[in-house]
Number of protein chains: 2
Amino acid sequence: MVSDASPAPAKNPVTLREVAATAGVSVATASKALNGQGRMTAETRERIRETAQRLGFRPNSLAQSLLRRRSFTVGLLTNDTYGRFSLPVMSGISDALVDKGVSVFLCNVEDDQRLGQLHVDAMLDKRVDGIIATGKRIDRHLPVDLSNLGVPVIYAFTQPDPGAIAFVSDDAGGARLAVEHFWRLGRRRIAHVSGPASFAVVHARAQAYRDVLTEKGLPVMEPLLGSWSEAWGHEAVKTLFDGRLSKRGGETPDAVFCGNDQIARGVIDALRERGLGVPGDVGVIGFDNWQIVAEATRPPLTSVDMNLAALGREAGLTLLSLVGGEPAEPGIRKLPCRLVVRQSCGRPPDG
Amino acid sequence: MVSDASPAPAKNPVTLREVAATAGVSVATASKALNGQGRMTAETRERIRETAQRLGFRPNSLAQSLLRRRSFTVGLLTNDTYGRFSLPVMSGISDALVDKGVSVFLCNVEDDQRLGQLHVDAMLDKRVDGIIATGKRIDRHLPVDLSNLGVPVIYAFTQPDPGAIAFVSDDAGGARLAVEHFWRLGRRRIAHVSGPASFAVVHARAQAYRDVLTEKGLPVMEPLLGSWSEAWGHEAVKTLFDGRLSKRGGETPDAVFCGNDQIARGVIDALRERGLGVPGDVGVIGFDNWQIVAEATRPPLTSVDMNLAALGREAGLTLLSLVGGEPAEPGIRKLPCRLVVRQSCGRPPDG
DNA sequence: GTGATTAGAGAAAACCTTTTCCCAACCAAG
DNA sequence: CTTGGTTGGGAAAAGGTTTTCTCTAATCAC
């Protein structure tokens with residue numbers, strides 16, 4: 001009782017063998033005592049447990065993994081250097097796995113095939129139980145070959161191999177949420193400004209936009225495609241609100257559904273510069289719910305959230321069940337988005 | 001040559017024992033052949049190598065780690081959920097380590113002590129060779145106790161324990177870069193708008209700002225402290241450019257050095273709304289060089305970059321040398337910032 | 001032809017834990 | 001006193017690799 005009440009100074013970790021020796025039993029008995037296996041006197045079991053506790057024993061995962069052929073480790077591959085999309089996914093995965101004692105190797109492969117191979121090899125050498133691939137867009141494949149790896153693979157927010165299991169956001173559903181929200185608020189001349197035509201999500205969202213308008217019997221303005229930037233938002237406002245267009249629809253829009261939050265920001269700023277009020281004259285909805293942008297616009301931006309953390313959580317849990325040997329249907333699972341309402345759309349007319 | 005030209009179908013990985021058996025030697029010889037150890041005929045060595053290659057043999061890292069007492073794995077702890085600062089650091093660390101075959105466990109501990117302990121325990125169980133702690137500000141400690149862990153610990157962009165090794169950005173140096181840049185451009189009435197007084201970096205940068213002004217014999221305006229938001233940038237412009245202040249300095253500023261890029265963005269927008277030109281009437285410099293913000297301002301923002309990737313790289317390399325048993329001086333190492341010049345300051349008068 | 005090296009390769013221990021099998025002792029029933 | 005079952009616990013193998021030590025046969029000097 002002089003000094004050593006602390007759990008473990010731990011220069012080199014204490015092994016099961018030392019615990020067993022200290023408790024006066026064999027390693028086999030010690031192991032069983034600590035794992036609740038085998039048969040022995042309650043007294044023996046307790047004595048061993050107490051000894052382990054006192055010595056600060058922690059089982060060596062490497063030895064366990066070697067034996068169980070399970071490392072309680074998964075690899076996460078991404079090419080999203082800035083983590084704008086990957087980080088929430090990562091966070092969800094980690095949340096889902098930490099309670100089960102599973103750790104995550106994070107590997108940024110950029111868009112470099114060599115780097116990708118390097119990381120995948122390292123993961124396999126380290127005997128990861130599975131791999132999750134994630135990225136910054138769902139219509140591009142990571143620069144790595146993940147087929148026939150011998151471990152389960154899950155794709156999250158990136159393009160999967162055919163026949164694989166993937167989780168992606170339901171972009172069409174998200175777009176519907178936005179447009180239907182406008183509808184419920186009484187907006188009737190709804191425009192859509194989005195990113196480059198080279199992105200699959202641009203088409204998915206645009207199609208959903210058209211579908212909703214058609215269902216409601218509203219006029220469909222052809223979506224304006226450009227880039228993901230604020231500057232494009234500015235420019236699009238010019239196109240939408242300058243005379244040329246009003247010839248077609250007769251009137252200018254009273255709502256703009258934007259393909260991402262940066263475009264939405266540009267749109268809001270441009271509208272203000274023209275003297276148009278948001279949400280008074282025009283409602284605006286963004287996409288991504290990137291907090292740092294959505295809360296900095298004036299007024300704060302209503303935006304579609306892709307629930308990426310939930311997506312990551314699903315991906316993590318599914319991977320785990322795969323690792324556990326349970327079967328799972330291949331295919332692409334679309335997870336619903338949700339609308340985060342702030343102040344850029346106004347209140348319902350009857351509210 | 002019918003089907004099996006591919007490297008490895010790898011349902012269960014091929015072991016060294018199988019390679020040895022196939023090549024007709026003992027495992028000992030096989031091991032030595034593949035590692036370039038021991039003595040044997042060149043012919044034998046080559047035959048074993050070729051066999052391993054053909055079978056797609058990859059040594060089991062778990063077994064190697066167990067034996068070498070080195071896992072070639074490090075843990076990265078962060079509480080920066082959005083990764084704005086952690087991700088570049090992480091990227092630098094990973095870059096520095098991947099070539100040496102070291103993988104990184106990423107753990108987000110939020111600000112949750114329980115979660116922190118959980119992750120640290122998991123890391124130690126998995127026998128990481130070392131741990132790097134990183135965060136979102138350098139004057140707050142992570143919610144974990146990293147002393148006496150038995151493995152080397154490095155702090156990067158977070159507050160270290162006393163006596164530990166830490167890498168942080170040289171905020172004072174970064175601020176000097178900004179203010180001296182203004183000076184070289186002929187700006188003489190330089191203001192400083194920064195974040196909350198509760199941040200240590202705010203004081204470090206403010207003091208450097210004062211020092212440079214004093215050195216140059218310029219008037220020192222007391223720094224304006226507020227929040228890290230665009231809104232505060234707007235507000236600060238009011239304070240700076242409304243009559244009240246001009247009584248003191250006689251004139252309004254011709255340059256504003258901002259504590260981060262978001263404030264700078266607010267300042268630029270507010271200046272434009274007042275009809276003041278950037279950089280014509282007023283130059284603006286931000287801090288953080290957050291690309292997505294700095295390139296979206298009009299004009300694009302000159303900003304101080306903290307070189308976080310380089311910081312991560314240094315941290316990674318230092319950790320590795322520590323793991324290798326080399327000694328290292330404890331203490332805080334400040335790494336230089338650099339100024340990324342865009343268009344918000346104008347050109348030199350003689351340019 | 002003798003003794004001393006050396007080249008080439010294998011046996012076995014070590015790393016740490018889990019699990020299967022086994023043994024000794026004890027007890028009750030026949 | 002045997003048979004059979006149970007209880008408490010240990011011995012040993014397994015997992016895959018590295019490394020040290022040992023052994024045999026061949027080469028070399030004399």
Side-chain angles (χ1 to χ4, degrees), chain A residues 8 10-49 51-52 55-73 101 124-129 150, chain B residues 8 10-49 51-52 55-73 101 124-129 150:
Chain A
K11 202 58 225 169
N12 11 4
V14 31
T15 71
L16 185 60
R17 194 205 308 274
E18 304 175 55
V19 174
T22 308
V25 297
S26 71
V27 286
T29 306
S31 171
K32 283 180 285 200
L34 297 176
N35 294 319
Q37 306 288 319
R39 289 177 314 202
M40 70 197 68
T41 356
E43 187 270 330
T44 307
R45 196 181 293 273
E46 192 43 47
R47 174 165 46 94
I48 296 173
R49 285 218 163 114
T51 309
L55 265 44
F57 169 74
R58 319 225 58 200
N60 183 330
S61 280
L62 292 144
Q64 292 180 320
S65 299
L66 187 57
L67 201 54
R68 293 187 179 146
R69 292 205 195 69
R70 184 82 216 267
S71 63
F72 289 89
T73 283
L124 293 176
D125 285 353
K126 296 204 164 104
R127 294 309 193 260
V128 293
D129 296 333
Chain B
K11 203 57 225 168
N12 11 2
V14 31
T15 72
L16 185 60
R17 193 202 309 274
E18 303 175 55
V19 174
T22 308
V25 296
S26 70
V27 287
T29 306
S31 172
K32 283 179 285 200
L34 298 176
N35 294 319
Q37 307 286 321
R39 287 179 313 201
M40 67 198 68
T41 349
E43 186 271 328
T44 307
R45 195 180 294 273
E46 193 42 48
R47 175 165 47 92
I48 297 173
R49 286 218 163 114
T51 309
L55 264 46
F57 169 73
R58 320 226 57 200
N60 184 330
S61 281
L62 260 36
Q64 291 180 320
S65 300
L66 186 58
L67 198 54
R68 292 187 179 146
R69 292 201 198 72
R70 210 62 224 255
S71 63
F72 290 88
T73 283
L124 293 177
D125 285 352
K126 296 204 165 103
R127 295 308 194 260
V128 293
D129 296 333

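Chain letters run A, B, ... following the sequence lines, proteins first, then strands; residues in each count from 1. Predicted, not measured: the structure shown is a model, and the values here were computed from it. Heavy-atom basis, side chains included; hydrogens, waters and symmetry copies ignored.
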Can you tell me which nucleotide in [options] comes closest to the side chain of [X]?
| X | options | answer |
| --- | --- | --- |
| A/T15 | D/dT18, C/dT17, C/dT18 | C/dT17 |
| A/V25 | C/dT17, D/dG10, D/dG9 | D/dG10 |
| B/R69 | C/dC16, D/dG15, D/dG10 | C/dC16 |
| B/T41 | C/dG10, C/dG8, C/dT17 | C/dG8 |
| B/L66 | C/dT18, C/dC15, D/dA11 | C/dC15 |

Please determine whether a side-chain nitrogen or oxygen atom of [X] lies at a distance below 4.0 Å from atom OP1 or OP2 of [N].
| X | N | answer |
| --- | --- | --- |
| B/N60 | D/dG15 | no |
| B/T44 | C/dA9 | yes |
| B/Q64 | D/dT18 | yes |
| A/S31 | C/dT17 | no |
| B/S26 | C/dA9 | no |
| B/R39 | C/dA7 | yes |
| A/R68 | C/dT17 | no |

Roughly, in whole Å, what's the span from [atom1] in [X] to [atom2] in [N]?
| X | N | atom1 | atom2 | answer |
| --- | --- | --- | --- | --- |
| B/L67 | D/dT18 | CG | P | 8 Å |
| B/F72 | D/dT17 | CZ | P | 15 Å |
| B/L34 | D/dT17 | CG | C1' | 11 Å |
| A/K126 | D/dG16 | NZ | P | 19 Å |
| B/D125 | C/dT18 | CG | C1' | 16 Å |
| B/E18 | D/dG16 | CD | P | 8 Å |
| A/M40 | D/dG8 | CE | C1' | 8 Å |
| B/N35 | D/dT17 | CG | C1' | 9 Å |

State whether the number of non-hydrogen atoms from other residues, nucleotides or ligands found under 6.0 Å of B/R17 atom CZ is greater than 12. no

Is any side-chain heavy atom of [X] less than 4.5 Å from a side-chain heavy atom of [Y]?
| X | Y | answer |
| --- | --- | --- |
| A/S31 | A/L16 | yes |
| A/R47 | A/T44 | yes |
| A/K126 | B/F72 | yes |

Return the 5'-most residue of the pair B/Q37, B/A63 with respect to DNA chain D, ranking by each residue's nearest nucleotide. B/A63

For A/S71 versus A/R127, what's the shortest heavy-atom pair and its separation? OG-O, 2.5 Å

What heavy-atom pair brings B/E18 and B/P13 nearest, and what distance separates the two atoms? OE2-O, 4.0 Å

Spell out yes or no: do the side chain of A/K32 and the base of D/dG10 have one donor N/O and one acceptor N/O closer than 3.5 Å? yes

